[in-house]
Structure formats: C-alpha cells, structure tokens
Amino acid sequence: APDLAGPYKGSGVGPSPAYSFTAAVVELDCDPETGMIEVDQVWVAHDVGRAINPLLAIGQTEGSVYMALGEALMEELTFRNGLLESTSLFDYKSPTVLEMPEVHTYLIETIDPEGPFGAKEAGQGPLLPVIPAVANALYDAVGVRIDEVPITPDKVLRALDLAAKGKLGRFGPKVMPAFAFRAPVRVESPGESLP
Amino acid sequence: MRLPPFTYLRPRELGEACALLAEHGTEAALVAGGTDLLPKLKRQQIVARVLIGLQGIEELRQTRANGGLSIGAGARLCELAAHPALEGPYAALARAAGLIASPQIRNAGTLGGNLCLDTRCDYYDHTCDWREALGGCMKAGADVCRLASGGDRCWAITTSDLAPVALALEASVRLVSADGERLLPLADMYRDDGAAHLNKAPGEILAELVLPPADGLRATYLKLRRRGSIDFPLLGVAAAVRLDESGTCTDARIVLGAVASLPVRAPAAEQLLVGRAFDGDAIAEAAQAAAASAKPMDNTDLSPAYRKRMVKVYVGRALTELGAGEG
C-alpha cells in the first residue's frame, strides 16, 4: 500500500489505501441503417473487498451501469452562442427505464487488508469499464470505433460511411490534445510551518 | 421557476368557454392537460392572466361514428392510444398517441392540445433569463431569428405526433367560437411560420377531429427520437396508401413531422407510388424522393444531416410496413 504520510501530503486528490477493480461485458444491438444502439445485457463483476450490505452494493453497481450507459450513449453538455443549451433534464438526455438493460452483478470479495472490514468502494467504480465495453461491443457489432462519448447514432453512421468507402471506420478525435503537466506543488502541512 | 398568478375559470359547456375566451381575449389561454402550457407559463414564454379550463366540458370528450369518425378534442392521449374505435387505418392515430411523451403526460395531455402543440426551438425553449442573455428571438417577440440571423421568419419546428397522422388520414377539424363554428381541413390549419403556426383565430377552440371514412386505407406512423419515452419527435413519418385488388397503389399520402415549422407532405414520393405496383422498388424510390421534401434546421437534437438521412430510412420502413399489412 502507498505511504499515507510523506512530503506530498495534502497535494494529492484521489490517493487511497485501497483500489477497487471492475470488469464488464456489454451485449448490444446496433441498427446499421440508423446507427441506433440498444443495450441488451450487461454483466459486471466488481471487486468490493467485502460487501457489508450486498443488496446496497448491488444497487450501487447497477446504478453505476446506468450512469455509464448515459455517459456512453447520450449525456452531453451542448452549447449555443456561448450559452449552455442542455439546461434541463429534458435537454440533457439521460437514459430512461426503457434504455436500461438487464444487469447481472457479481460482487467479488477479496477482503482487502487496507479497507475497513476488508471493504473498498462500490460508489461509481463499476461505471468505468462499462463505457469502453459499450464502445468495444459496437466495434464487434458493426466494425467501427467511436473514440469519444457520447456514442450517438450520427457518429456511428459517419464511421460506417467511412468504412463503406474503404477508409478507416473510426470517428472521434485523432490525437490527444497537447498538454504539459506542471511540476507538482509542494504544500506544507500546518504542523510543518510552525516556528 | 413558479407559475405566475392567474385566474382559473372552469366553464361547463363549450358555448360558455367560447364566451369567456371572447371576453378575456389575449389575456386568456386555454388549458386542458396543460402539459405544454404550464412549463411555458413558468418560463414566461406564454403570458396569460386567465386560464380557461376545458376539462369539465363533456362535449369535448365524445366520439361519434358517422361513416367516418369524429373525436372530441378533449380525449386524453392515453384514451386515444387505447381507443376501441381507432381500428384499421385509424389505428395509426392510436399508435402515434401512444408514442407521445411519457405515460404521465399522456394521462393529462389531449388530442386538441397535441394537434395545436406549440413549435419548438433550441434557442427559444429555455427560461426567461436564458432567452434574455441571448437578446430574445423572433418567437419571443424580438425581430431576429437566432438560428438564421439574416432571415425574416421564425424557424421553430412543429412537434406534434398526431398532426402528421391526422393529415395522412385527410382529417378536418371543427373550430368553435363565440361567432359560430367552421369545419376546416386540417391541412389548412398549419402555417409555415414558427412564431404563428396555426390558422386558428384567438377566439376559436378546436372542438373535434373529424376523420373521413376509412375506405380501404392503410396507415402507419413512425417516430424518431433518442430515447424510448419523453422526447419530442426528431422526425415523424405518417404514411397512408390505398391499394386495389391487384396490389396497385391508387392513393398515397406521406406526411413528415418535425422537419419544418409545419407538417409537410412529400409529393414527389407520393407520385412515385401512385399508379404502379406497391413493391420494394416503388418503396425504395419513394423513400429516396421523400428525403428531398425535408429541410431540417439545426435547432433541435441530432444534426440536420442525420435527421434528413433518416427520412429515407423511416419512410422506407413505414411503406414496407404498409405493404406487409392487410388490405
């Protein structure tokens, strides 16, 4: 486990004594004429360390799947003339009950020595693999890759059009934005700066 | 956001409602289900000090079979979706009703409300503050359209799911006012103007949808939207055909919703169908031609190019469905 105390104490966000892991499989249908995606089933295995309340942990996992599908397929902040266009839950599309597939949840108990009673998280962790699983399932279904979210029907069609013309069936950013990380800032903890 | 204060009037008869509407003029708005009116009042898109409620009027909730079918405008969408009289080609109206919004909204919304449903635009359907930050727009009373700034008209889109089907069924509407009543072909009720999309006078109440006799017609409706519920149509395709015993198409009507400020026919597509066998080739040609009738604007979800492309797909699917159906 990483050291909890050290010269960079206070300057990190996210370090944890223990990390959870999740695997997901997504089964979906894609209509190649419309680009529309229907997710049929999701299998998700989440390493929670220890499930103290399994019902809640399953609920959290299913909720994370829902959030992931929303992010993968339709959620997006859009702008018009510098103003936020998606100003309500009507314009900002989140999936409805009709978009939610059957979810098969497996809680994996590894009893982590760093966690309370061996437990880790079951908050939003299970969300993470579902999004790339959707993208990979789309590739398996129709042979194109969308390199950004949300994976909307028009993007799928644009990629399919490219593939039909013999070009690479891919849509999305071509390069990572050029960004140089600044050197970390060292912040003294209050105890260190007392005279 | 709160509803502004208003006076609520509850007439018991249509004549009384018309008189109240004449009395209060532009200060008043009609309300039945209120599923579109109330959000618009909260966002100050509509200003009304007086609301005239239509729910208590029995006459608006009646259905009469008279060769064809006449349905009172007060019929709720959930009732339309399961209406026993809506069979054969009329079932397309029931299907369209069942695709509107969500179950809760369908429990309140009405036939009349959906036929008269306000047009929508991404630059208009926001709170008062949002619209003011942009400087207002033509539909809100300013003189600039934020979508097409050089233009002189409003491009807000028709969003009714029932209108395209009713038009494909060649419906008329009975409009009633304090001055009398008139029967208007539904096609004459819609105007190509997002800011003034109805030819219904302010004092008129849409009382009844009148459907002519079915007469061997086959009809259907398909709706394009992102989610399985709640969303307005990004495209609506209503198709109706008449076939003779040999399978030749003698009559065709294709009406597109949500691609313009009013529902539009696809005449080139219709002409490609009439007078020939209603087969795969005819359908493919018609679907291709229908896309030419659609010029969607960039003021709603999903790109105009995608929505235009879907016209061909959805018209093709609607016509194929009709070809597979019974006579």
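Chain naming here is simple, since letters A, B, ... match the order of the sequence lines and numbering starts at 1 in each.
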Around [X], counting heavy atoms of other residues, nucleotides and ligands shown, do more than 12 lie under 6.0 Å from its [atom1]?
X	atom1	value
B:K312	NZ	no
A:Q41	CD	yes
A:F79	CZ	yes
B:L3	CG	yes
A:R158	CZ	no
A:L89	CG	no
A:Y139	OH	no
B:E321	CD	yes

Side chain, backbone, both or neither: which part of [X] has an atom under 4.5 Å from a heavy atom of chain A?
X	answer
B:R307	neither
B:D122	both
B:D298	both
B:S102	neither
B:F232	both

Answer yes or no: is there a side-chain heavy-atom contact under 4.5 Å between [X] and [Y]?
X	Y	result
A:M74	B:D301	no
B:I230	A:K93	no
A:D154	B:R309	no
B:M310	A:T34	yes
A:T87	B:T127	no

### Query
In terms of heavy-atom pairs under 4.5 Å with chain B, which of A:L157, A:T96, A:T78 leads?
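So the answer, after comparing A:L157, A:T96, A:T78, is A:L157.
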
How long is the span from the [atom1] atom in [X] to the [atom2] atom in [Y], to the nearest 0.5 Å?
X	Y	atom1	atom2	value
B:R43	A:S88	CZ	OG	7.0 Å
A:L84	B:H126	CG	NE2	8.0 Å
B:R146	A:L83	CZ	CG	10.0 Å
A:R80	B:L147	CZ	CG	7.0 Å

### Query
With only heavy atoms counted, which part of A:E99 is less than 4.5 Å from chain B, the side chain, the backbone, both or neither?
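Just the side chain, heavy atoms under 4.5 Å.
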
### Heavy-atom proximity to chain B below 4.5 Å, by part of A:I37
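Neither part; nothing is under 4.5 Å.
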
### side-chain contact (heavy atoms from CB on, under 4.5 Å) evaluation trace for B:W130 with A:E85
CA-CA 9 Å; B:W130 193 99; A:E85 169 59 40; 4.1 Å; yes

### Task
For B:R227 and A:F90, work out which heavy atoms get closest and say how close.
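Closest approach of B:R227 to A:F90, heavy atoms only: NH2-O, 3.8 Å.
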
